[in-house]
Amino acid sequence: MTSRERIKTIRNQPRTMEEKRKLRNIVDKEKSKQSHHTLQLKCCAQYLNSISRGYRRSKNSLSDLLSSISLWQKALKVIGGKFGTSVLSYFNFLRWLLKFNIFSFALNFSFIIIPQLTVAERNTLQFTGLEFLTGAGYFTKTVMYYGFYTNSTIRHRSSGPSYDMQLAYIFTIGAWLIACFFSLLYSMAKYFRNSFINPHIYSRGIAKFIFCWDFTVTHEKAVKLKQKNLSTEIRENLSEILQENVKFTFRQQLACFSAHVAAWLVSAGVAAACCVAVYYLAEYNSEFLRTHRDPGAVLLLPFVVSCINLIVPRFYSMFGLVERYEMPRHEVYTLLIRNIFLKISVIGILCYSWLNIVALSDEECWETFIGQEIYRLLLMDFVFSLADSFLGEFLRRIIGMRFITSLGLQEFDIARNVLELIYAQTLVWIGIFFCPLLPLIQMITLFIMFYVKYISLMRNFQPPSKAWRASQMITVFIFLLFFPSFTGVLCTLAITVWRLKPSANCGPFRGVPLFIQSIYLWIDTLRKRSGYTWVVWIYQNLISSVHFFFILTIIVLIITYLYWQITEGRKVMIRLLHEQIINEGKDKMFLIEKLTKLQDMEKRAKPSTLILERRETEQQGPLHLGECDATPDLRFRRSVQEDNLKA
């Protein structure tokens, strides 16, 4: 065999991966021993063959390494087996956000923080420990905030290379935003293709449940976990099929519609009241801080915002008792929309206050002040989430199990927990310009939150009472993270860079009228150098060109439209194939019925023909015994012969 045929044959063997690797190594050794009996390959072919073999081995070893160091693989399998894909989607989304923030921190740490640490002065402020809550004091004179960074060109030797901190700061933030944009687009396209376009989604993966088993699973606990996963997925599929066939009367539909309208009006009113309260509190927050010199006074605004984010989503969840959605997916989508409207509205009001009140005030370094505000909001949200998991969910379990047993254990609220992640990530995106270390803080909080939520889930929650598939939920989560979260962040940072004046006494952009002015000055410098005309051309024709972004937007819309048409086309094709399978089944049933009727008619016709033949034989007498012997019934022939002998 050729190398490709050998690999294909070994791959099709019903063995574990380890046994397949051993078998492949044995075959490779035998092949190398027998090489002198075969024709020698050409030098180029041998070289290409060795390269391909080395590539395959390195690829296999890399995949094994990545799978072995994959975060929380076993915990995610346990969650999926016990609670289904709906709850699992939350933890998958949390892990995706953790990887995302690791990349963001690596980028900022490499190009902003490390260069600043090489020229940083010693911090003379005293550390008291209260800085962990307020974010002020000692942390103000560290690389944590915008105001600490220098605006000079870093050069350690007179003849050594220079490092412009202004350009490094703005280009790193810009490259990070571009990477986030394309990463979100790629993730949405990937999950959209897996969740909406692949044909097995519409067939509900029945072939995987009935015909497939992973023979690489040999450990007893792993086998039981795999069986539990399969049983949970089968239950989700069957539950969804039953829910799709439910039909309501006109009176029931009218009652449901009235309940939905009332719930939406109440939720909109509550969100508007919360936004008004946050607006007035943010407007008078500066005056409140001037009159109250207590260090804990800065926590008033984050405390109120965190209380709103904790109480109002739970109030929204109570609407499910009135609305009574038959499809759990619809209830989750509704709660997501209500919560995202509340949280994004609150963040929008805070951004308006920061950009129109704080940035235009007489603050010595308003960028650092905004960074401290975002740090406090993020930290307070994390503290409230921990308190809710350790106290609220635990107390709810005690009440449901000991005092009011009719309540029982609660179910995991996917919408509320997902919106907490999106809210925190939005704050990190806004604050990364003012506090470059926010991705590191978010990494720590996400890492802790996974274990807190995992332990709370196993102890305080029960599996969903209505099983349902959540194969498309991760796509919805990333879409909500992209719009309105990331698009709102882009608008906020664009206003900051193009419209606001930097502080005159702090930060890398001190001394320039606008943040974007540093790029304008850099482009003017490059115009005078003949070797950098291509950079000027890229800036003029691509970056600063409205037509380029218009064409880019059109391309993205066309790709989205094509994906949508592919989805609709495959849906139509799968529906036609389903109808064809149903029609073929009906044809087979019709043919089987006709065949059964013919067999029944033959069985009924056989006794009558035998009786007629016997009567004819008795009437004809012994002259026609030869004809009687030709009849197919042996018992009939024996009876005729006995009668003839007696005669």
Quiz item: Between Ser306 and Asp381, is any side-chain donor less than 3.5 angstrom from a side-chain acceptor?
Solution: no

Quiz item: Do Tyr451 and Trp72 have a side chain donor and acceptor closer than 3.5 Å?
Solution: yes

Quiz item: Gln410 side chain to Phe461 main-chain N or O, any donor-acceptor pair under 3.5 Å?
Solution: no

Quiz prompt | Parallel, tilted or perpendicular: ring planes of Trp366 versus Phe515, cut at 30 and 60 degrees | solution = perpendicular

Self-check item: Test item: side-chain donor near acceptor, Ser104 and Trp176, under 3.5 Å
Solution: yes

Quiz item: So, are Arg397 and Glu393 salt-bridged, with charged N and O less than 4.0 Å apart?
Solution: no

Exercise. With sequence neighbours excluded, tell me which residues meet ring pair (Phe, Tyr, Trp, His ring centres under 6.0 Å) with Phe132.
Key: Phe127, Phe139

Quiz item: Going by atom types alone, do Gln442 and Thr445 pair a side-chain donor with an acceptor below 3.5 Å?
Solution: yes

Quiz item: Any side-chain donor paired with an acceptor under 3.5 Å for Thr128 and Glu131?
Solution: yes

Quiz item: Should the pair Phe482 and Phe486 be assigned to parallel (<30°), tilted (30 to 60°) or perpendicular (>60°) ring geometry?
Solution: parallel

Solution key, residues 339-353 side-chain donor-acceptor pairs under 3.5 Å, sequence neighbours excluded:
residue	atom	partner	partner atom	Å
Asn339	ND2	Leu335	O	3.1
Ser345	OG	Phe341	O	2.5

Quiz item: Is any side-chain N of the basic residue among Asp164 and Arg155 closer than 4.0 Å to the acidic one's carboxylate O?
Solution: no

